[in-house]
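Note that the coordinates shown come from a computational prediction; the quantities given were computed from them, not determined experimentally.
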Amino acid sequence: MIATIFFVLAIISAWWGIVSSIVILSFLKKRGIRINYLLLRILILKYLHQYHQITRQETGKPGPWFYSYIISMLLALTFMIIGIVLISM
């Protein structure tokens, strides 16, 4: 039962990471950066870095979606690991 809760939290966190990446890609596209949707899974870190650089140049600090993506994906990984450990006990 508890492991299921952690798996649900992992899925919610992963979905929030997907939402964050969509917003980041929209931001980059508005600034004229071409997005390769075919290789998106491979290039997402490149796009994340570009978002970080552009927002730092514009505002002096990284944009909020940068941290949103990083934190949500780290939480998804952490919750998934905890769920797997709890199931194997």
* Asked: Are I42 and Y37 connected in the hydrophobic side-chain network, where two residues link if heavy atoms are under 4.5 Å apart?
  -> yes
Only pairs under 3.5 Å count here: list side-chain donor-acceptor contacts from residues 70-89, not counting sequence neighbours, and write none if there are none.
{"residue": "S72", "atom": "OG", "partner": "G17", "partner atom": "N", "Å": "3.3"}
{"residue": "S72", "atom": "OG", "partner": "S68", "partner atom": "O", "Å": "2.9"}
{"residue": "S72", "atom": "OG", "partner": "Y69", "partner atom": "O", "Å": "3.0"}
{"residue": "T78", "atom": "OG1", "partner": "L74", "partner atom": "O", "Å": "2.8"}
{"residue": "S88", "atom": "OG", "partner": "I84", "partner atom": "O", "Å": "3.3"}
{"residue": "S88", "atom": "OG", "partner": "V85", "partner atom": "O", "Å": "2.9"}

* Asked: Under a 4.5 Å side-chain heavy-atom rule over Ile, Leu, Val, Met, Phe, Trp and Tyr, are L40 and L43 clustered together?
  -> yes
* List for me each residue that meets side chain to side chain donor-acceptor pair (under 3.5 Å) alongside R56, sequence neighbours excluded, and say none if there are none. => none
* Examine distances only and state if a side-chain atom of S26 and a backbone atom of I22 form a donor-acceptor pair shorter than 3.5 Å. => no
* **CD1 on I33 to CD1 on I24, rounded to 0.5 Å** => 11.5 Å
* Are V19 and I12 connected in a single hydrophobic cluster, I mean Ile/Leu/Val/Met/Phe/Trp/Tyr linked by side-chain heavy atoms less than 4.5 Å apart? -> no
* Asked: Would you say V23 and F27 make side-chain contact, with heavy atoms under 4.5 Å?
  -> no
* **Reported CD1-to-CG distance for the pair I54 and L28, which is rounded to 0.5 angstrom** => 5.0 Å
When the side chains of residues 44-52 are checked against the rest of the protein, which donor-acceptor pairs come out under 3.5 Å, sequence neighbours left out?
{"residue": "Y47", "atom": "OH", "partner": "N36", "partner atom": "N", "Å": "2.8"}
{"residue": "H49", "atom": "NE2", "partner": "Q53", "partner atom": "NE2", "Å": "3.1"}
{"residue": "Y51", "atom": "OH", "partner": "W65", "partner atom": "N", "Å": "3.4"}

* To do: Give a yes or no on whether I11 and W16 share a hydrophobic cluster (residues Ile, Leu, Val, Met, Phe, Trp, Tyr; joining criterion: side-chain heavy atoms under 4.5 Å apart).
  => no
* Roughly how far, to the nearest 0.5 Å, is CH2 of W15 from CD1 of I18? -> 5.0 Å
